[in-house]
Asks: 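Below are the structure tokens for one structure; questions will follow.
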Amino acid sequence: MPKVYGVILSPYVRKVLLALEAKGVAYENEAVFPGALPEGYTDISPLGKIPALVDGDLKLSDSTVINEYIEERYPEPSLLPDAVDARAQARWLEEYADTAFLSALIVPFFQRVVAPMRGVETDEAAIAEAEAESIPAALDYLESMVNGAEFLFDGKLTIADIAIISPIINAHLGQYSIDASRWPNAAAYAEFIRSQDVVQKREAEERAMLGG
Ligand SMILES: N[C@@H](CCC(=O)N[C@@H](CS)C(=O)NCC(=O)O)C(=O)O
């Protein structure tokens with residue numbers, strides 16, 4: 001059975017867990033926290049990051065690489081669109097979601113959830129700055145890429161939906177939600193993806209971990 005290392009609140013760990021759960025693959029999880037890595041962890045994850053995955057003799061890190069492996073090892077149901085162009089576009093959206101989009105949307109979560117866990121005061125100015133600059137830029141792009149309350153490709157959940165919703169879930173945990181009057185497509189899209197059973201199950205487990 002594959003084992004995923006990393007705390008379930010991490011957007012990158014969530015990407016991997018959602019992919020496994022969407023495919024119905026049973027897995028184990030060990031809650032590794034950044035900054036408190038267990039001894040020997042870098043044997044599995046040379047950069048010391050989460051997530052990492054061990055499946056038999058295979059040790060992998062990086063959520064995108066791990067999910068590519070999961071797609072090939074456990075092909076059904078596929079989390080890629082059928083057409084070559086759409087596959088390429090889905091991979092691009094995953095890359096965008098993992099980088100600029102995540103960096104922006106993670107700020108309220110980091111400041112309101114992670115900082116207090118570490119005994120650090122929430123920096124409200126950092127949240128205000130993100131809400132004024134980087135988050136609107138990220139959501140403007142999302143607004144231009146989605147079609148409201150539907151999957152991005154082929155009428156089914158794909159890796160693009162999983163990668164995009166993951167930082168949006170962190171934003172919600174950090175008390176930030178998408179303003180539907182400013183970004184109606186993005187807000188409807190996010191609510192649609194969050195309403196999928198596989199995503200609801202993940203969010204319920206995360207809320208339980210945070211005490212409600
Ligand atoms: N590109 C990597 C990024 C993973 C990553 O940055 N994870 C964060 C936690 S959300 C981490 O482990 N940070 C600790 C560090 O950078 O040392 C992936 O997709 O898995």
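A quick note: this is a predicted structure, and the numbers were derived from the prediction, not measured. Both ligands and their constituent atoms are indexed starting at 1 by order of listing.
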Asks: For residues Val120 and Phe110: do they belong to one hydrophobic cluster (side chain heavy atoms under 4.5 Å, members Ile, Leu, Val, Met, Phe, Trp, Tyr)?
Replies: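 No.
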Asks: Mind listing the closest non-hydrogen atom pair of Thr122 and Pro116 along with its distance?
Replies: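 Nearest pair, atom of Thr122 first, then Pro116: OG1-CG, 3.8 Å.
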Asks: Between Glu191 and Arg194, is there a side-chain N and carboxylate O pair less than 4.0 Å apart?
Replies: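 Looking at Arg194 together with Glu191, the answer is yes, because their closest N to O distance falls below 4.0 Å.
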Asks: To which protein heavy atom is atom 16 (O) of ligand 1 closest, and what is the distance rounded to 0.1 Å?
Replies: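 Closest protein heavy atom to atom 16 (O) of ligand 1: Lys49 CE, 3.5 Å.
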Asks: For Ser63 and Lys15, work out which heavy atoms get closest and say how close.
Replies: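 Looking at all heavy atoms of both residues, the shortest contact is OG-NZ, 2.9 Å.
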Asks: Is the closest N or O pair between Ile50 and ligand 1 shorter than 3.5 Å?
Replies: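 Yes, since at least one N or O of Ile50 sits under 3.5 Å from an N or O of ligand 1.
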Asks: Looking at Phe151 versus Phe192, is the centre-to-centre ring distance below 6.0 Å?
Replies: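 Under 6.0 Å, so yes.
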Asks: Check ligand 1 against Pro51 and write out every atom of the ligand that is under 4.0 Å from a heavy-atom position of the residue.
Replies: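 Answer for ligand 1: 20 (O).
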Asks: Around atom 14 (C) of ligand 1, find the nearest protein heavy atom and jot down its residue, atom name and distance.
Replies: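 Residue, atom and distance for the closest contact: Pro34 CB, 3.8 Å.
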Asks: Among Val65, Thr99, Ile106, Asp62, which residue places a heavy atom closest to atom 2 (C) of ligand 1?
Replies: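 Checking each option, the heavy atom nearest atom 2 (C) of ligand 1 is found in Asp62.
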Asks: Give the single entry among Gly35, Ser10, Ser63 that approaches atom 18 (C) of ligand 1 most closely by any heavy atom.
Replies: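 The residue whose heavy atom sits nearest atom 18 (C) of ligand 1 is Ser63.
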